[in-house]
Amino acid sequence: RVVLSAAASGSMELERPQPGLTLGDTLIPVINRLQDIFSQVAVDLPLQLPQVAVVGSQSSGKSSVLEAIVGRDFLPRGSDIVTRRPLVLQLVKSTGRVPPASPVSSSPGKGPGTGVQEWGEFLHAPGKIFTDFNRIREEIQAETDRVVGTNKNVSEKPIRLKIFSPHVLTMTLVDLPGTTKVPVGDQPSNIEARIREMLLAYIASPAVIILAVSPANGDLANSDAIQIARMVDPEGLRTIGVLTKLDIMDRGTNAAHILRGLHIPLRLGYTAVVNRSQEDINLGTSVEAARRAEERFFSQRSEYRDFAGSCGVVALSRKLNTLLADHIRGLLPALRKAISDQLEARGAELRSLGDPLAPDSKSARGAYLLQLLCQHAERFAAMLEGRHQDFSAQRLTGGARIRAIFTDGFATAMREMAPVKDVSDEAILTIIKNGAGVAGNLLVAHEPFELLVRRSVEALAAPALACKEAVHQEMLAIAEQACPKELARFPVLARTLAGAVHAYIKSGADPAER
């Protein structure tokens, strides 16, 4: 509620960008703050915050693109599915150094005292600084295994990582699990549908920019990323196409026609990148060296010379930063209104719960609980005895309703019964003779009369059980009406008390069934 109040009242006003910073560097952190706080609250807040979601098939180069944007190796790698939980990656352009008082997880020779300017922070590990990006990779893997196990299962629960660096542009990227066809490990048989549903849940909102990563050495018409993006963005208004693996396309082929928008046009266009190969990674080729190789590739290939300024990881970073900032700016009025509406709704809900509880001690809370229970018992008794204040002029309630069930319903049913209607004098004589047996009796035995009475008593069961059920339902209704208004502040207590009262009333009704 504090964040909602701050956003609605305008205390999160955007500042004029400082020298060297773009509007996105000032605008995007505001959304990041909202995302961090909303992700930790238990109350569901239906607010769609702007961000960039990265989709693509396995081995399409998503992880390589993200590492190239950051400029560091920090993501788990492997031949099978490695992104098994969404990774919300918040990049923050920083000009400072690691806070010296922060707990640091670093490699030998690196730390706050050595002038480290790049570090990471996880939302699930508050206050802990990671200056060794290998440790960031290990933490992502460990946190993934903690939730979904060490096999290949997936989860929609995100990991939130914030990376500070002077070499990045401020933006928020969500790395989503890659699409797959065949389940492996302990993945369920419907893993393809589950991942697809997860992707659609993240990219369905109009507030999300879709970064669709597709390998250029495949048919773009069959790209999983483009197909999924088209399901929620059929006109391609908020989808950015990213082409990878241009350097391993078949000889005589190129992606120039795709970059020109002649194949599958997207309003935000396509950006081509050249990532490190697996051999480059095994040889330890740095991301910076890969960027230089990427620049040479686009400058030396004549078919891409016209796109040299708009291709490559650096151009992609600038494009994402600008588009995300513009996207946020366009959504701000609606977002501010949504936050104001949520603030008003939560404020009304908070006011309905009453004033804060004054007692803090355990004994004081126990006394307050006893007071609520006593109020419930007193209101219940008052409604039975006709001493309650909320009389209805429309219908009978409480004890009066129970009395009417007996006097009007049950008594009327009894008066309308004819216990001996089906018992004739001949039937009575026959039963008496049967009770005398072969020897005969001077006096009439009592067994025949018990048989006749039992049949008449059995006829009373139906109206008696109907009366019992009506009284039972009325008692439950009285118990619900007897709850003090203050009990609405404690939903769990109200449910627990209602369950106990219902069980107690039922214990009195059950013997009538036997």
Point to revise | Side-chain touch Val313/Val274, heavy atoms, less than 4.5 angstrom | key: no

Point to revise | Results of side chain to side chain donor-acceptor pair (under 3.5 Å) for Gln371 - residues two or more places apart only | key: none

Check your understanding: Nearest 0.5 Å, what's the CG-CD distance between Leu396 and Glu474?
Key -> 9.0 Å

Practice item. Look up atom CG in Leu369 and atom CG in Leu487, then write down how far apart they are to the nearest 0.5 Å. Key: 9.0 Å

**Study point:** Asp233 side chain to Thr239 backbone, donor-acceptor under 3.5 Å
**Key:** yes

Point to revise | Non-hydrogen atoms of Val501 and Ala479 that approach each other most closely | key: CG1-CB, 3.5 Å

**Study point:** Lys62 side chain reached by Leu176 side chain, heavy atoms, under 4.5 Å
**Key:** no

Check your understanding: Which residue pairs pass the ring-ring contact (aromatic ring centres under 6.0 Å, His included) test when at least one of the two sits in residues 311-337, sequence neighbours left out?
Key -> none

Check your understanding: By salt bridge (charged side-chain N to carboxylate O under 4.0 Å, His left out), which residues pair with Arg146, not counting sequence neighbours?
Key -> Glu143

Review point. In Å and rounded to the nearest 0.5 Å, what is the CG to CG distance from Leu320 to Leu173?
Key: 6.0 Å

Exercise for review: Using atom types as modelled and distance alone, determine if a side-chain donor or acceptor of Thr170 lies under 3.5 Å from a backbone N or O of Lys93.
Suggested key: yes

Show every donor-acceptor pair shorter than 3.5 Å between a side-chain atom in residues 194-210 and any protein atom, with sequence neighbours excluded, or say none if there are none.
from, atom 1, to, atom 2, distance (Å)
Arg194, NH2, Val154, O, 3.3
Tyr202, OH, Glu156, O, 3.4
Ser205, OG, Ala207, N, 3.1

Check your understanding: Between Leu316 and Val273, is a side-chain contact (heavy atoms from CB on, under 4.5 Å) present by the stated rule, with each step listed?
Key -> CA-CA 8 Å; Leu316 177 62; Val273 298; 4.3 Å; yes

Check your understanding: With distance as the sole criterion, is a donor-acceptor pair present between the side chains of Asn134 and Arg137 under 3.5 Å?
Key -> yes

Check your understanding: Minimum heavy-atom separation for Glu121 to Trp119, with atom names?
Key -> OE2-NE1, 3.3 Å

Point to revise | Worked check of side-chain contact (heavy atoms from CB on, under 4.5 Å) between Val168 and Val92 | key: CA-CA 7 Å; Val168 300; Val92 181; over 6 Å; no

Review point. Does His502 have any ring pair (Phe, Tyr, Trp, His ring centres under 6.0 Å) partners at least two apart in sequence or in another chain, and if so, which?
Key: none

Review point. Listed by chain and number, what are the ring pair (Phe, Tyr, Trp, His ring centres under 6.0 Å) partners of His167, not counting sequence neighbours?
Key: none

Exercise for review: Report, as yes or no, whether the 6.0 Å neighbourhood of atom CD on Gln481 holds more than 12 heavy atoms from other residues, nucleotides or ligands.
Suggested key: yes

Check your understanding: Is the side chain of Ser155 donor-acceptor paired with the backbone N or O of Val148 at a distance under 3.5 Å, no angle test?
Key -> no

Review point. To the nearest 0.5 Å, what is the distance between CG (Leu384) and CE (Met475)?
Key: 5.5 Å

Check your understanding: Does the side chain of Ile505 reach to within under 4.5 Å of the side chain of Leu476, using non-hydrogen atoms?
Key -> yes

Point to revise | Spacing of Cys483 atom SG and Leu372 atom CG [to the nearest 0.5 Å] | key: 10.0 Å

Review point. Hey, are the side chains of Val88 and Ile159 touching, using non-hydrogen atoms and a 4.5 Å cut-off?
Key: no

Practice item. Output the distance between atom OG1 (Thr179) and atom CD1 (Ile191), rounded to the nearest 0.5 Å. Key: 11.0 Å

Point to revise | Distance-minimising heavy-atom pair for Ala225 and Gly56 | key: CB-CA, 3.8 Å

Review point. Under 4.0 Å between a Lys/Arg side-chain N and an Asp/Glu carboxylate O for Asp73 and Arg276?
Key: yes

Review point. So, does Arg267 use its side chain to make a donor-acceptor pair with the main chain of Gly236 at under 3.5 Å?
Key: no

Review point. Within a strict 4.5 Å, meaning less than it, do heavy atoms of the Val174 and Val54 side chains meet?
Key: no

Study note, to complete from the structure: Here the ring-ring contact (aromatic ring centres under 6.0 Å, His included) pairs for residues 50-77, sequence neighbours left out, are none

Study note, to complete from the structure: On a heavy-atom basis, the closest approach of Leu243 and Ala216 is CB-CB, 4.3 Å

Practice item. Output, in order, the C-alpha distance, side-chain angles, deciding distance and verdict of side-chain contact (heavy atoms from CB on, under 4.5 Å) for Ile240 and Lys319. Key: CA-CA 10 Å; Ile240 305 173; Lys319 184 175 184 178; 4.1 Å; yes

Check your understanding: So does Gln473 have more than 12 non-hydrogen atoms from other groups sitting under 6.0 Å from CD?
Key -> yes

Point to revise | Any residue meeting salt bridge (charged side-chain N to carboxylate O under 4.0 Å, His left out) with Arg238, in chain and number order, not counting sequence neighbours | key: none

Review point. Can you name the closest pair of heavy atoms from Thr271 and Gly312 and give their distance?
Key: CG2-O, 3.9 Å

Practice item. Run the salt-bridge test on Glu118 and Arg72 with the 4.0 Å N-O cut-off and return the result as yes or no. Key: yes

Revision key, fill the gap. Residues at least two apart in sequence or cross-chain that pass side-chain contact (heavy atoms from CB on, under 4.5 Å) with Ile226, listed by chain then number, are Ala212, Ser214, Leu220, Ser223, Arg230, Ile264, Leu266, Tyr270

**Study point:** Within-4.5 Å side-chain heavy-atom neighbours: Ser63 and Asp175
**Key:** yes

Review point. So which heavy atom on Gly61 is nearest to which on Asn275, and how close?
Key: O-ND2, 3.6 Å

Practice item. Say whether Thr180 and Gln58, considering side chains only, have a donor N or O and an acceptor N or O under 3.5 Å apart. Key: yes

Exercise for review: May I have the step-by-step check of side-chain contact (heavy atoms from CB on, under 4.5 Å) for Glu294 and Val314, ending in yes or no?
Suggested key: CA-CA 10 Å; Glu294 181 186 54; Val314 175; 5.9 Å; no

Revision key, fill the gap. Residues at least two apart in sequence or cross-chain that pass ring pair (Phe, Tyr, Trp, His ring centres under 6.0 Å) with Phe122, listed by chain then number, are His124, Phe130

Check your understanding: Should Arg318 and Leu169 count as side-chain neighbours, where that means a heavy-atom distance under 4.5 Å?
Key -> yes

Point to revise | salt bridge (charged side-chain N to carboxylate O under 4.0 Å, His left out) partners for Lys337, two or more places apart | key: Asp341

Review point. Can you find a heavy atom in the side chain of Thr172 that is under 4.5 Å from one in the side chain of Leu91?
Key: no

Check your understanding: Do side-chain atoms of Glu67 reach the backbone of Leu75 as a donor and acceptor pair under 3.5 angstrom?
Key -> yes

Exercise for review: Please answer whether the main-chain N or O of Gly149 pairs with a side-chain N or O of Arg84 as donor and acceptor at a distance below 3.5 Å.
Suggested key: yes

Check your understanding: What residues, two or more places apart in sequence or in another chain, satisfy side-chain contact (heavy atoms from CB on, under 4.5 Å) together with Gln227?
Key -> Asp224

